[in-house]
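One structure is given here, and the rest of the page talks about it.
What you see is a predicted model, and the numbers here were worked out from it, not measured in a lab. Just so it is clear: chains get the letters A, B, ... in the order the sequence lines come, proteins before strands, and each one is counted from 1.
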There are 2 protein chains.
Amino acid sequence: MSHTSASASTSRETQKARTRCALLDAGLRLLEDKSLSSLGLREVTRVVGMAPAAFYRHFRDMSDLGVALVDESLGSLHAVVREILEGPRDDVERIDRTVGAIARYVREHPTHVRFVARERHGGVPAVRAAIGRELDRFADEVSQVLATDEVSAGWSAEDVRMLGELYVDHVVMTASAFLDAALGEGPDEETVARTARRQLLLISTGRRHWADAASGAAGT
Amino acid sequence: MSHTSASASTSRETQKARTRCALLDAGLRLLEDKSLSSLGLREVTRVVGMAPAAFYRHFRDMSDLGVALVDESLGSLHAVVREILEGPRDDVERIDRTVGAIARYVREHPTHVRFVARERHGGVPAVRAAIGRELDRFADEVSQVLATDEVSAGWSAEDVRMLGELYVDHVVMTASAFLDAALGEGPDEETVARTARRQLLLISTGRRHWADAASGAAGT
DNA sequence: TCATTCAGTAAACAGGTGTTCGCGGGGCGG
DNA sequence: CCGCCCCGCGAACACCTGTTTACTGAATGA
């Protein structure tokens, strides 16, 4: 129970952080073509080059390492989302920015994206839950900004939220499509981008004319 | 090379089919809380109650069993899709039928749905590819029917296809949401249904006013 | 009736797995 | 300076894995 100074004692703690990071990196690399539930503890330590028992100094479980990877993958993304949403509110420009940002993020962090896409419905409950929570937070952030758009005047909170979820889900699908494109499976990157832009444009169009439809089916 | 009679020789072949089906059922049951890449051969045969070696009489691999499960899960669904699309073309009624059909299918075949959602981006390439092919076929079928709607007059084939993909992706997301609801995670079934209906209604609204937007951003 | 086919068996193989234990040695606080 | 802390090590534990082998015996076709 030492450590009254909040800052790290350079050598000791940072070194622990380094090997912890090495474990995360090794895990992420191995997860490129496996799923978390089939990733072995020894497999990870072998890549890092350390004894299996040392793993327990950093993580209790494999699923523990999994939720750490979720934080690493999705945590840094909130800033990006804010940045996109805070720019000009013009429809097509915002769409261009969004799709561009997704493409860039997938290009720069393919392994993180693949991990999230794979474990979103994967076999490890704790990780699945962690991803779900994070995506919910994204939906909250998006909805919150959407509500301030002029187009959303008169919208119920529930409708704004359902639109936000639609956007978030679409982003996930698009990211996954970009990933497939990068691997040579499915259509190429430019095709994916164009499809995504048009789909978002169609949603925006529906949004602008929402009042017409919503009044007709209010109770549903 | 016998077997000039095309029909089964009752006892022999049907018995083989029975145990094959037992293997598939056992696999599906175990896959409720595991992913395919972590499902063991012995694990499956143990549930069925037979020797591990007998597995090879029916499947080469675990991934082989996986693609068989894909066919079983998605094959029977094409008829349902046709049925939904061939009904009255009125927007909200078609939407109600769609969401109702998804809810019912998830309620009646939860394990199949979970399997597909999990392995769509899972760690077994062959299974991933099989699911991708099947979803592409669904997108084809949907697009083909959408093209005949009066609303689609003047639409390019590419735009119709992108709308079809949007619908298929949305169905997958909705099915997954229903699944979570059935497990007590996330919102309850009625909430999921209402959100899905409104999202589809929003897409339909955008579809009706597509001409306005598409002309403005034709080159994108 | 006799020979053939073939789904399923039992046993053994060489590996890999998670987890526990005691121990060493270097950073660190006093 | 000494003594505690604690990360990483190596070895051992019991267990589970996929795959191969030679085999049994019932259904089959001539």
Side-chain angles (χ1 to χ4, degrees), chain A residues 1-27 30-31 33-68 123-127, chain B residues 1-27 30-31 33-68 123-127:
Chain A
M1 297 301 171
S2 56
H3 228 286
T4 49
S5 70
S7 180
S9 25
T10 46
S11 195
R12 200 86 213 167
E13 293 198 23
T14 68
Q15 178 57 16
K16 173 157 184 179
R18 291 183 82 83
T19 67
R20 187 190 135 103
C21 196
L23 283 169
L24 289 170
D25 279 355
L30 291 169
L31 285 170
D33 29 38
K34 302 176 67 100
S35 52
L36 185 61
S37 58
S38 67
L39 179 60
L41 178 155
R42 298 179 99 106
E43 212 170 340
V44 177
T45 58
R46 190 182 313 132
V47 170
V48 177
M50 66 186 200
F55 180 90
Y56 297 101
R57 303 286 185 196
H58 302 270
F59 303 102
R60 185 187 313 275
D61 260 337
M62 257 317 191
S63 74
D64 194 13
L65 182 144
V67 314
V124 185
V127 173
Chain B
M1 298 301 172
S2 55
H3 227 287
T4 49
S5 71
S7 180
S9 26
T10 46
S11 195
R12 198 87 231 182
E13 292 197 24
T14 69
Q15 177 58 14
K16 174 160 183 178
R18 291 181 83 84
T19 67
R20 187 191 134 104
C21 195
L23 284 170
L24 288 171
D25 279 356
L30 291 168
L31 285 171
D33 30 38
K34 301 177 68 102
S35 51
L36 185 60
S37 58
S38 67
L39 179 59
L41 176 157
R42 297 179 99 107
E43 213 171 338
V44 177
T45 58
R46 190 183 313 130
V47 170
V48 177
M50 66 187 198
F55 180 89
Y56 297 102
R57 302 287 183 199
H58 303 269
F59 304 101
R60 185 185 313 274
D61 262 334
M62 258 318 194
S63 74
D64 194 12
L65 182 145
V67 314
V124 184
V127 173

* Asked: Of the nucleotides D:dC9, C:dT19, C:dA7, which one has an atom closest to the side chain of A:Pro52?
  -> C:dT19
* Among D:dT28, C:dG27, D:dG8, the one nearest B:Arg12 by side-chain distance -> D:dT28
* Test side-chain contact (heavy atoms from CB on, under 4.5 Å) on B:Leu24 and B:Phe59 and set out the steps. => CA-CA 10 Å; B:Leu24 288 171; B:Phe59 304 101; 3.9 Å; yes
* May I have the distance from A:Leu41 (atom CG) to C:dT17 (atom P), rounded to whole angstrom? => 9 Å
* To do: Grab the CZ-C1' distance between B:Phe59 and D:dT19 for me, whole Å please.
  => 18 Å
* Asked: Does D:dG8 have OP1 or OP2 sitting under 4.0 Å from an N or O in the side chain of A:Thr19?
  -> yes
* Are side-chain heavy atoms of A:Arg57 and A:Arg20 found at a separation under 4.5 Å? -> no
* Asked: Starting at the 5' end of DNA chain D and moving along, which residue's nearest nucleotide shows up first, A:Ala51 or B:Asp61?
  -> A:Ala51
* To do: Spell out yes or no: do the side chain of A:Arg42 and the base of C:dG18 have one donor N/O and one acceptor N/O closer than 3.5 Å?
  => yes
* To do: State, with a plain yes or no, whether a side-chain heavy atom of B:Gln15 is found less than 4.5 Å away from one of B:Thr19.
  => yes
* **Atom pair distance, as rounded to whole Å: CG in B:Leu39 and C1' in D:dT17** => 12 Å
* **Interatomic distance, B:Tyr56 OH vs D:dC23 P [rounded to whole Å]** => 21 Å
* Whole-Å distance separating the NZ atom of B:Lys16 from the P atom of D:dT28 -> 14 Å
* Asked: Between OG of B:Ser38 and CG of B:Leu31, what distance do you get to the nearest 0.5 Å?
  -> 8.0 Å
* Asked: CD of B:Glu13 versus P of C:dT5: gap in Å, rounded?
  -> 16 Å
* Nearest to the side chain of A:Ala53, which nucleotide is it out of C:dG8, D:dC9, D:dT17? -> D:dC9
* Asked: Given atom CZ of A:Arg57 and atom P of C:dG22, what is their separation to the nearest angstrom?
  -> 13 Å
* **Phosphate OP1/OP2 of D:dT17: any B:Arg46 side-chain N/O under 4.0 Å** => yes
* **Options D:dC7, D:dT28, C:dG8, nucleotide nearest the side-chain atoms of B:Gln15** => C:dG8
* Side-chain (B:Lys34) to main-chain (B:Gly40) donor-acceptor, under 3.5 angstrom -> no
* Asked: Atom CE of A:Met50 and atom C1' of C:dG25: how far apart are they, to the nearest Å?
  -> 17 Å
